[in-house]
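Contents: one structure, followed by commentary.
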Amino acid sequence: MTAELTLTNVLTRKKESFEPVVPGQVSLYVCGPTVQDYMHIGHAKTYIAFDVIVRYLRYRGLRVRYVQNITDVGHLLDSGEDRILKGAARDRVQPMQVVETYMREYFADMDALGVGRPDISPRASGHIPEQIEMIKTLIASGHAYEVNGSVYFDVSAFPEYGKLSGRRVEEAEAGAREAVREEKRNPEDFALWKNAPPEHILKWPSPWGWGYPGWHIECSAMATKYLGETFDIHGGGRENMFPHNECEIAQAEAATGKPFARYWLLTGSLTLDGVKMSKSLGNVVRIKDAVAKNRPEAIRYFMLSAHYAGPIDYSDAALEASTRGWERIAGAYSAARQWLDRDKTVDGGPQTTEAGAEVAQAVTDLRARFIEAMGDDFNAPVALTVVQDLARLSNTLINANEPPARADVAACVALFDELAGGVLGILPKTAETGSGSAEREAGLINLLIEMRKDARARKDFAASDRIRDQLKALGVVLEDGKAGTTWKFGD
RNA sequence: GGCGCCGUCGCCAAGUGGUAAGGCAAGGGUCUGCAAAACCCUUAUACGUGGGUUCGAAUCUCACCGGCGCCUCCA
């Protein structure tokens, strides 16, 4: 594949051609979740976006190392203090038990959404020595200073601070408590290490006494540890651009003297019915609840229907519309697969047709359009339209008056698997080769379809409608097409 | 207040200098025992508003209006 690969680099505010540090390989770091509560659909947007980006890069033949951290310490212990520590005290559980619980929930949610696991999921609590080392380096180079057992980054010692978010130092405002604020030389300085009050449960020994790491140092330390001092892509949600991502850059570049991530990809935010989700408004939709009400593939379709860098508004109506759009693709895929299965046992169609060359060319064109769309800053919305066009091609083929060639239908199915399945991950899971019971189920349904076919042949429509209605009550929908009856799960 | 993103058909959404993709919804048609699905046709002379640049702008520029995100933990 030689199609171009460009992406919008937030750091330069330009669309650039992607050139990895090591040709053929991609090092990617994405800011992961703070595991202190159930994951919500905003997380789903970001991680589905990077899941598809990683799938596409691999599809293009690149070797990807995908690192995504788990924040289980740090700022969690600061603002999350009441939640974690009070809750932990009340329930008499260790903070790490809380963290463990939600980390498992996070992975379960991602699995349900078909989001592939990162290659490395480093936890902040497991990299305290690395963080301490980096802090020591920063102190030695004059970029940080210690006060009362805490260490702060001296923003004035890093002139480039603000280059990602476009903010200038003078604009920064300290958000820390007054006591902490007074310790700092400048209000915009931020904590690398915090002295632990006696009531803190999670704390570690350090050269500056017992304490815990600051909010941002984990990402700098873990990204450079697993990807190198300079790596290719850093991703995350746009709302973390400042201060989190900005501080990551400052820490890492001040410590190593080298550029940190070369390309920054930030995802747009998700709103719910037009407003931001927040716990105080009580309008947070958890992933597990969304998955209970919608097909995971349809949720992916919805998230991919808008460009990753832009915003998206979640609502029941929007999900409904996306589900309909997804069903067209899933239906076309399912129908084509069933056509192939039937064709094996019944009278096979012609192996080639005059239209064959045309179909082959169409398939080639669709693949090229897909690769080009995704290669242009991962334009998934356009990629989806290519899959929609494939659905039209496939549907037209198997519903035509002239029976299609088996090879043509097979080519459509293969392209569905390759693009919609492999890269976008939106093909119905139930259509994949299933367990023994799934095959038995399919066999039973096909038996009923045969019996209904016989009933229709002798004009016994009461019997044929009974089969169709009863199956529908069981969640199996029959659809009569030109080439025979297909079935799908539905309501 | 500062930084940044955005405003394209009823809804969602691509397009970022060359004359408006796609999906959903709606209307008409074909197919069907009926139904569903599918397929075909129709639906923005128009891209928040007003100027400017250009042979030419939804695309560049200025102003204004409106929405959103961040500036405090947040994907």
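FYI, side chains are in, hydrogens and waters are out, and symmetry mates aren't considered; it's all heavy atoms of this structure. Note that the structure is a prediction, hence the values are computed from the model and not measured. Quick note on labels: first sequence line is chain A, next is B, and so on, each numbered from 1.
Side-chain proximity of A:Arg238 to B:A14, B:C70, B:C5: nearest is B:C5. Here the side chain of A:Asn395 is nearest to one of B:A75, B:C39, B:G33, namely B:C39.
Place A:Gly268 and A:Gly310 on RNA chain B by their nearest nucleotides, and A:Gly310 ends up nearer the 5' end. Positionally, the nearest nucleotide of RNA chain B for A:Arg13 lies more toward the 5' end than for the other of A:Arg13 and A:Gly481.
Within the 4.0 Å cut-off from OP1 or OP2 of B:A25, at least one side-chain nitrogen or oxygen of A:Arg324 is found.
Looking at heavy-atom distances under 4.0 Å, A:His40 makes contact with a base. When heavy atoms are screened at a 4.0 angstrom cut-off, A:Arg452 is found touching base atoms of the nucleic acid. A:Ala318 comes within contact range of no nucleotide atom at all, as no heavy-atom separation falls under 4.0 Å. Backbone-only engagement by A:Gln388 is indicated by non-hydrogen atom pairs under 4.0 Å involving sugar-phosphate atoms exclusively.
In a base pair of the Watson-Crick type (N1 to N3 plus N6-O4 or O6-N4) or a G-U wobble (N1-O2 and O6-N3), with each distance short of 3.5 Å, B:C73 is matched with no nucleotide. Shown here, B:A44 forms no base pair; nothing in the strands shown gives a Watson-Crick or G-U wobble contact with both key distances under 3.5 Å.
Under 3.5 Å, the side chains of A:Asp313 and A:Thr271 contain a donor-acceptor pair of N or O atoms. A:Thr71 and A:Glu218 share a donor-acceptor pair across their side chains, judged by distance under 3.5 Å alone.
For A:Asp154 (side chain) and A:Ser156 (main-chain N/O), a donor-acceptor pair under 3.5 Å exists by modelled atom type.
One can find a donor-acceptor pair under 3.5 Å joining the base of B:A35 and the side-chain atoms of A:Arg468.
None of A:Asp465, A:Asp460, A:Asp480 except one satisfies the salt bridge (Lys or Arg N to Asp or Glu O under 4.0 Å) rule with A:Arg452; the exception is A:Asp480.
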